[in-house]
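In what follows, a structure is listed as structure tokens, so that the remarks can point back to it.
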Amino acid sequence: MARVTLRGFLIARSLEEADRVSMLLPDHIRLTRAELGCLRFEVLRSHADPCRFAVTEAFRDRAAFDAHRARAAASVWGRTTKGIPRDYEIREEPRDGG
């Protein structure tokens, strides 16, 4: 099985939209980190460009990643951020020792 990683950016279109994202982040991060198979989940707001959020995720395998995406899409986070542009690279990488 391959670990799934995601790296990239969520790019809000206005400071108001970015502030809404920031308000929702603590709960979204908490729920994601509690998911079975979540190895790493970080979302950091840029100081230089407050509309830009760096996203780093790692999940044990494709099934855990797909479960995360389904849960997130059905959540307040997913409904609120659905139309916000994202620039992500998703990779499947061999796990260490495998």
Side-chain angles (χ1 to χ4, degrees):
M1 282 190 275
R3 175 178 47 192
V4 176
T5 61
L6 178 150
R7 288 187 177 90
F9 301 94
L10 181 145
I11 306 158
R13 295 163 291 204
S14 69
L15 284 175
E16 179 182 278
E17 188 172 65
D19 289 344
R20 280 197 306 273
V21 167
S22 286
M23 288 178 55
L24 295 172
L25 269 176
D27 197 45
H28 180 55
I29 291 169
R30 179 184 60 77
L31 291 170
T32 300
R33 288 179 178 170
E35 292 173 6
L36 187 63
C38 178
L39 304 173
R40 180 177 182 190
F41 190 80
E42 296 178 3
V43 182
L44 303 171
R45 190 173 187 177
S46 170
H47 292 289
D49 180 356
C51 288
R52 193 171 177 93
F53 297 80
V55 180
T56 304
E57 303 178 10
F59 289 86
R60 177 188 62 222
D61 53 27
R62 174 58 69 172
F65 180 69
D66 291 345
H68 161 68
R69 292 185 80 162
R71 185 212 50 86
S75 71
V76 171
W77 167 265
R79 290 188 302 273
T80 304
T81 67
K82 184 178 181 179
I84 297 176
R86 287 154 164 89
D87 181 12
Y88 293 158
E89 179 180 1
I90 300 169
R91 292 184 169 194
E92 293 194 29
E93 304 170 344
R95 293 193 290 174
D96 293 340

Hey, mind stepping through R60 and V4 against side chain to side chain contact (heavy atoms under 4.5 Å, CB included) and telling me if it holds?
-> CA-CA 7 Å; R60 177 188 62 222; V4 176; over 6 Å; no
Check against salt bridge (charged side-chain N to carboxylate O under 4.0 Å, His left out), R40 and E57 = CA-CA 5 Å; R40 180 177 182 190; E57 303 178 10; over 6 Å; no
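Not one N or O on the side chain of R86 forms a donor-acceptor pair closer than 3.5 Å with the backbone of L10. In this structure a side-chain-to-backbone donor-acceptor pair under 3.5 Å is missing from T81 to I84. Formation of a donor-acceptor pair under 3.5 Å by the R79 side chain with backbone atoms of A74 is found in this model.
Cation-pi check for R33 over F41 is not met; the charged atom does not lie both under 6.0 angstrom from the ring centroid and within 45 degrees of its normal.
When all heavy atoms are compared, the tightest approach of A48 to S46 is N-OG, 3.2 Å. The minimum heavy-atom distance between T32 and C38, with the atom names listed, is O-CB, 3.4 Å. The shortest non-hydrogen separation linking G37 to A64 is CA-CB, 3.9 Å. Closest approach of P50 to A18, counting heavy atoms only: O-CB, 3.3 Å. The two atoms that bring F59 and F65 nearest to each other are CD1-CD1, 3.6 Å, heavy atoms only.
Side-chain atoms of R7 and T5, non-hydrogen and from C-beta on, do get closer than 4.5 Å to each other. Annotation: side chain of V55 is in contact with side chain of Y88 (closest heavy-atom distance under 4.5 Å). Under the 4.5 Å side-chain criterion, counting only non-hydrogen atoms from C-beta, H28 is not in contact with V76. Taking 4.5 Å as the limit, some side-chain heavy atom of L39 sits within range of a side-chain heavy atom of R3. Side-chain atoms of W77 and V21, non-hydrogen and from C-beta on, do get closer than 4.5 Å to each other. Residues L31 and S75 are not in side-chain contact: their nearest non-hydrogen atoms beyond the backbone lie 4.5 Å or more apart.
Heavy atoms from other residues, nucleotides or ligands lying under 6.0 Å from CZ of R69 number 12 at most. Atom CD of E16 has 12 or fewer neighbouring heavy atoms from other residues, nucleotides or ligands inside a 6.0 Å radius. For R13, the CZ atom counts as densely surrounded, since its 6.0 Å shell holds more than 12 non-hydrogen atoms of other residues, nucleotides or ligands.
One finds the CD1 atom of I29 at 7.5 Å from the CG atom of L44 (value rounded to the nearest 0.5 Å). Atom CD1 of I90 is separated from atom CZ of R62 by 6.5 Å, given to the nearest 0.5 angstrom.
Neither side chain, E42 nor T56, offers a donor N or O lying under 3.5 Å from an acceptor on the other. Using modelled atom types, one finds a donor on one side chain and an acceptor on the other under 3.5 Å when comparing R45 with S22.
The hydrophobic cluster containing V43 also contains L6, counting ILVMFWY residues as joined when their side-chain heavy atoms lie under 4.5 angstrom apart, directly or transitively.
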